[in-house]
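Note sheet for the following structure.
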Amino acid sequence: MPQITLPDGSKRDFDRPVSVAQIAESIGAGLANAALAGRVDGALVDTSHVIEKNAEVAIVTDRDAAGLEVIRHSCAHLMAQAVQRLFPKAQVTIGPVIADGFFYDFAFERAFTPEDLQAIEKKMEEIVKEDLVVERSVLSREDAIAMFQGMGETYKVEIIKSIPGEEALSFYRQGDFIDLCRGPHVPGTGKFKAFKLTSVAGAYWRGNSDNAMLQRVYGTAWASKADLKLYLERLEEAEKRDHRKLGKHLSLFHFQEEAPGMPFWHPKGWTIYQLLQDYMRKLQNANKYLEVHTPQLVDYSLWERSGHASKFANEMFSVESDNRMYAIKPMNCPCHIQVFNQGLKSYRDLPLRMAEFGSCHRYEPSGSMHGLMRVRSFVQDDGHIFCTEAQIQSEVAEFMALLFDVYHDFGFDDVILRLSTRPEKRVGSEELWDSAEQALKDALNATGKHWELVPGEGAFYGPKIEYSLKDCMGRVLQCGTIQLDFFTPGRLGASYIDEDSSRREPVMLHRAILGSFERFIGILIEHYAGAMPAWLAPEQAVILNITDNQAEYCSKLQESLKNKGFRVSADLRNEKIGFKIREHTLQKIPYLLVVGDKEVESGTVAVRKRGGEELGAMTFDDFCTHLSQDVARFGRGELSAEVND
RNA sequence: GCUCGCAUAGCUCAGGCGGUAGAGCACUUCAUUGGUAAUGAAGAGGUCUCCGGUUCGACUCCGGAUGUGAGCACCA
């Protein structure tokens, strides 16, 4: 006789085993209708799940994050059913929930077209109208394999065979469609209120590029039409912020066929680039980094010695000249070790922090390139710390403090920390890995922030921490990293003399905060929607005259502001003021300084902020103070500007 | 690299049973000197990405290359 405890603490007694749906019914008809699943003692179950013992039960509806997941998961089944009705030859494989939606991979003789997508969506609507009951059942492995074999679903057979253990498997049937699935699922196909198929693309079976390519159909599903609309608007917003689009519109950079994946930086974009680099250089100097500069072209033998050639030969650009093979450096660390190796090093020299803004090239696969986010030529805020094992933890801690400061200056306060530990294939003793991983864990714990463990994802030469930030659209972007390396220094002959006069190999920490400047600028453009905060804006202010009468005053004003170190231009064209305001607003200039006869007479400027706010007339000195204060704020807490077309 | 799209003026994009193309903005010139998101008029501007094929004729159809987009795979 189960006693059910509801989330509000109230208890209900039933005189026989009771299903989640019946519990919902007992509370109210509205809730019974809204019920999508149940949570019994913390575990998600179907509404048909029968409870025999005392339990804590919550009814899951679409107002619950878990309910939305159930909808999306079930929507993947709905789509698979629609696909199989339209294309009986299509085989089903897997269909998981992803952020904001779901996908389902099908094996089919041809690619789906956008027209197919429309037809599938229409068929899905039909199945929703049919309001089929979704039934859970349990089959033994043998029966399940026999059933799917009979249906010609060879991929499903393979999936079942790969599931370890001997326990029975659960299946979900809705009308003519049945799928292997852990569940839970919505009780009926009438529960879907808002979904849309968004795209189709190829995807390898089991994520392995040696396998067949399947057809992956992406979709999104929401609790209501209004939520779906909000989501689609969010996609549109993201499209407007696309750094490739804004980069062209604001004339920051361009790409062209002759240099695929290698940006041509325009004056404005390069201004941002240099400002960022100056900013990092100052911080690094203040944090005892020693900046160096090493060759871009290095004899291939160095890459053979470092071990890169054997693993990354296909990803390195090489140059033959004078019967010698050179590689264009894909990274700076082997060169930094060459600098370290000059002169005998003592333990007193450690930790030695070396930094370089070195131009690197990598032959990235053509399909992986994406605007500034993934390029073939880039510069990192790269640094290598040579230290002893005992110094690892404090070096990592100091690095992290610097990293959080930097991110804060850009308004990124939500940082995701991930520790990747020893992979299967690795070098170094277990004790070394133990202490290295522990040092990283201690440093992470010392931050007091939440961090995730990613087992087995470390590099073969050492564990690493990766730092991802969340932009204003909620997208997660990996930028910073610190990697321990027990391998490369020894391989390239780095050593120091320890206290006891013995020769030892230093540990090397590879580290970056921004990652590559290219990618980071791409991220900033999208984060700020192109409206860079004053400290980074390529043009901080534009002076606009009303008529030719004020031209001379404007030119002098511009000169004075430039002398103060501000980036200011003057637009003295014979155009109406409204026209100029519009043009420079679209160029997202932080401050527009309007000068008419009134201002000339009073020796002021009329200041208009980006976004339209009028600050009124100001003297030259007042404006300088205002702009200086704005610059000093960096991008801390910067709100995303509205996007104009 | 793989699957499927896309490639037309500086930019954003139309277009055509296969008969060598159009708009808006930008640009140039002229008029206009105007107070906070588009002053008016005129003009100039294109090997329709490249290389083959089919055809009397290809920007349009077919094949390939390159670039690019969405995914997948990769990311020292």
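Sequence lines set the chain letters: A, B, ... in the order given, protein chains first and strands last, and positions in each chain run from 1.
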Over all strands shown, is [X] touching base, sugar-phosphate only, or nothing at heavy-atom distances under 4.0 angstrom?
| X | result |
| --- | --- |
| A:Arg608 | base |
| A:Glu599 | base |
| A:Ala606 | base |
| A:Gly612 | nothing |
| A:Lys598 | base |
| A:Glu583 | nothing |
| A:Tyr461 | sugar-phosphate |
| A:His510 | nothing |
| A:Glu315 | base |
| A:Asp597 | base |
| A:Pro365 | base |
| A:Gly578 | sugar-phosphate |
| A:Ile577 | sugar-phosphate |
| A:Arg206 | nothing |

Do A:Gln91 and A:Thr154 get their side chains close enough for a donor-acceptor pair, meaning under 3.5 Å?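 Yes.
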
What nucleotide among [options] has an atom nearest to a side-chain atom of [X]?
| X | options | answer |
| --- | --- | --- |
| A:Ser209 | B:rU33, B:rA73, B:rU36 | B:rA73 |
| A:Thr547 | B:rA26, B:rU33, B:rU12 | B:rU33 |
| A:Arg216 | B:rC72, B:rU33, B:rA76 | B:rC72 |
| A:Ala111 | B:rG67, B:rC72, B:rC4 | B:rC4 |
| A:Ala201 | B:rA76, B:rA70, B:rC74 | B:rA70 |
| A:Arg374 | B:rC74, B:rA38, B:rU33 | B:rC74 |
| A:Lys576 | B:rC72, B:rU39, B:rG35 | B:rU39 |
| A:Ile581 | B:rG1, B:rU66, B:rA37 | B:rA37 |
| A:Arg244 | B:rA76, B:rA70, B:rA37 | B:rA70 |
| A:Arg582 | B:rU39, B:rA38, B:rA76 | B:rA38 |

Between [N] and [M], how many Å separate the two [atom1] atoms, rounded to a whole number?
| N | M | atom1 | answer |
| --- | --- | --- | --- |
| B:rU60 | B:rC48 | C1' | 9 Å |
| B:rG35 | B:rU39 | C1' | 15 Å |
| B:rG24 | B:rA38 | C1' | 12 Å |
| B:rU47 | B:rC59 | C1' | 10 Å |
| B:rG52 | B:rG15 | C1' | 26 Å |
| B:rU12 | B:rC27 | C1' | 16 Å |
| B:rG16 | B:rU20 | C1' | 12 Å |
| B:rG53 | B:rG71 | C1' | 32 Å |

Below 6.0 angstrom between ring centroids: does that apply to [X] and [Y]?
| X | Y | value |
| --- | --- | --- |
| A:Trp222 | A:Tyr231 | yes |
| A:Phe108 | A:Phe87 | yes |
| A:Phe253 | A:His266 | no |
| A:Tyr104 | A:Phe106 | yes |
| A:Phe340 | A:His384 | no |

Would you find a donor on one side and an acceptor on the other, under 3.5 Å apart, between the side chain of [X] and the backbone of [Y]?
| X | Y | result |
| --- | --- | --- |
| A:Gln587 | A:His249 | yes |
| A:Lys580 | A:Arg573 | yes |
| A:Arg422 | A:Gly462 | no |

On the 0 to 90° scale, with breaks at 30° and 60°, tag the A:Tyr591-A:His626 ring pair as parallel, tilted or perpendicular.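 Geometry flag for A:His626 against A:Tyr591: perpendicular rings.
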
Taking N and O atoms by type only, does the side chain of [X] place a donor or acceptor under 3.5 Å from a partner on the base of [N]?
| X | N | value |
| --- | --- | --- |
| A:Asn574 | B:rU32 | yes |
| A:Arg362 | B:rC75 | no |
| A:Tyr204 | B:rG71 | no |

Find the distance A:Ile543:CD1 to B:rU36:C1' and express it as a whole number of Å. 16 Å

First encountered from the 5' end of RNA chain B, between A:Pro330 and A:Ala259: A:Ala259

Could you check whether A:Tyr218 and the base of B:rG71 form a stacked pair, meaning centres closer than 5.5 Å and planes differing by less than 30°? no

A correct dot-bracket answer for RNA chain B, with pairs being Watson-Crick or G-U at under 3.5 Å, [ ] for crossing pairs and | for inter-strand pairs, is (((((((..((((.....[..)))).(((((.......))))).....(((((..]....))))))))))))....

Would A:Glu158 and A:Arg206 count as a salt bridge (charged side-chain N to carboxylate O under 4.0 Å, His left out) here? Give the steps. CA-CA 11 Å; A:Glu158 206 181 316; A:Arg206 301 219 138 138; 3.5 Å; yes

